[in-house]
Amino acid sequence: MAVRDILRMGDARLLRVAQPVPESMFDSDEMHELIADLLDTMKAASGAGIAAPQIDVDLRIVIFGGTGKNPRYPDAPDIPFTVLCNPVLEPLDDERSAGWEGCLSVPGLRGEVSRFEHLRYSGCDAAGVAFVRTVDGFHARVVQHEVDHLDGVLYPRRVEDMTKFGFTDVLFPALVA
Ligand code: NI
């Protein structure tokens, strides 16, 4: 259990397409230690979610939610704590919405990003048990942001209007960067 260093934008390791989690890793000590480290690291940085590649683990694993009221996203609804391995995303329609995002690998900045509003996602938990969820709004946004990390995409690449990209403390003086 440890707070790990978070790779920051500019590091080529954040641009990799991460590897699928092999069957042998589910429910292993290695998996449980990795999830504990991801959770410790996410909580220490007040993140809404974190992806394994952000701590230099080249696997298709993300975690998110479970943090209750988050000082970085005080108006966000609660999302249940989720471990999502080998995710598959399926937008349910064409509706998209614009919303502000930040990223632990892009500290101090926020940008407005368009995401699918209604989403079905599936994958496995840390034990390898498959599950599927249908979500919308902020929950859908967080999943799309985190899963982008598994494909080497950081949110600034998705900011369409660069006038909606800037420093958190300038854009939102009341918020924590
Ligand atoms: Ni991120």
Side-chain angles (χ1 to χ4, degrees), residues 2-19 21 34-89 91 96-117 119 121 123 133 135 137-162 164-169 171-172 175-177:
V3 174
R4 305 267 291 265
D5 289 339
I6 298 173
L7 303 182
R8 288 180 303 146
M9 183 170 65
D11 192 307
R13 291 171 289 183
L14 289 168
L15 304 177
R16 295 182 293 199
V17 176
Q19 299 299 307
V21 180
L34 171 58
I35 299 303
D37 284 2
L38 283 167
L39 184 56
D40 287 349
T41 306
M42 180 179 84
K43 283 185 171 173
S46 297
I50 192 168
Q54 292 180 273
I55 60 167
D56 194 23
V57 172
D58 187 24
L59 288 169
R60 301 187 75 78
I61 301 172
V62 303
I63 71 167
F64 49 86
T67 51
K69 276 296 158 212
N70 186 325
R72 294 180 77 239
Y73 298 92
D75 298 326
D78 285 352
I79 298 174
F81 176 67
T82 302
V83 174
L84 178 62
C85 303
N86 296 339
V88 176
L89 306 192
R96 303 179 71 99
S97 61
W100 290 92
E101 297 188 9
C103 180
L104 300 180
S105 293
V106 191
L109 295 163
R110 296 286 170 105
E112 193 185 77
V113 179
S114 168
R115 301 284 188 186
F116 290 108
E117 179 69 15
L119 183 72
Y121 67 94
R133 278 191 191 145
V135 299
F138 186 70
H139 190 152
R141 173 171 301 279
V142 168
V143 174
Q144 289 168 86
H145 175 112
E146 296 309 331
V147 172
D148 261 355
H149 280 292
L150 305 182
D151 294 321
V153 175
L154 299 175
Y155 82 82
R157 278 173 62 184
R158 297 204 184 276
V159 174
E160 294 168 3
D161 177 352
M162 291 304 284
K164 303 268 180 68
F165 183 49
F167 291 98
T168 310
D169 61 343
L171 288 162
F172 307 106
L175 275 192
V176 177

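Hydrogens, waters and symmetry mates are skipped; everything else that's a heavy atom, side chains included, is used. One-based numbering, in listed order, for ligands and for the atoms of each. Along the sequence shown, residues carry numbers from 1.
The distance between the ring centers of Tyr121 and His139 falls below 6.0 angstrom.
Around the Ni ion (ligand 1), the protein contributes the following N, O or S atoms at distances under 2.8 Å: Cys103 SG, His145 NE2, His149 NE2.
Between Asp169 and Arg110 there is no salt bridge, since no side-chain nitrogen of the basic residue lies less than 4.0 Å from a carboxylate oxygen of the acidic one.
Residue pairs meeting the ring-ring contact (aromatic ring centres under 6.0 Å, His included) criterion with at least one member in residues 38-57, sequence neighbours excluded, do not occur.
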Please assess Phe64 against Leu84 for the test side-chain contact (heavy atoms from CB on, under 4.5 Å), listing each intermediate value before the final yes or no. CA-CA 8 Å; Phe64 49 86; Leu84 178 62; 4.1 Å; yes
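Remark: of the listed residues Arg158, Arg115, Gln144, Arg115 is the sole one forming a side-chain hydrogen bond (donor to acceptor under 3.5 Å, both in side chains) with Glu101.
Remark: Arg96 qualifies as a cation-pi partner of Phe116 under the 6.0 Å distance and 45° angle criteria applied to the six-membered ring.
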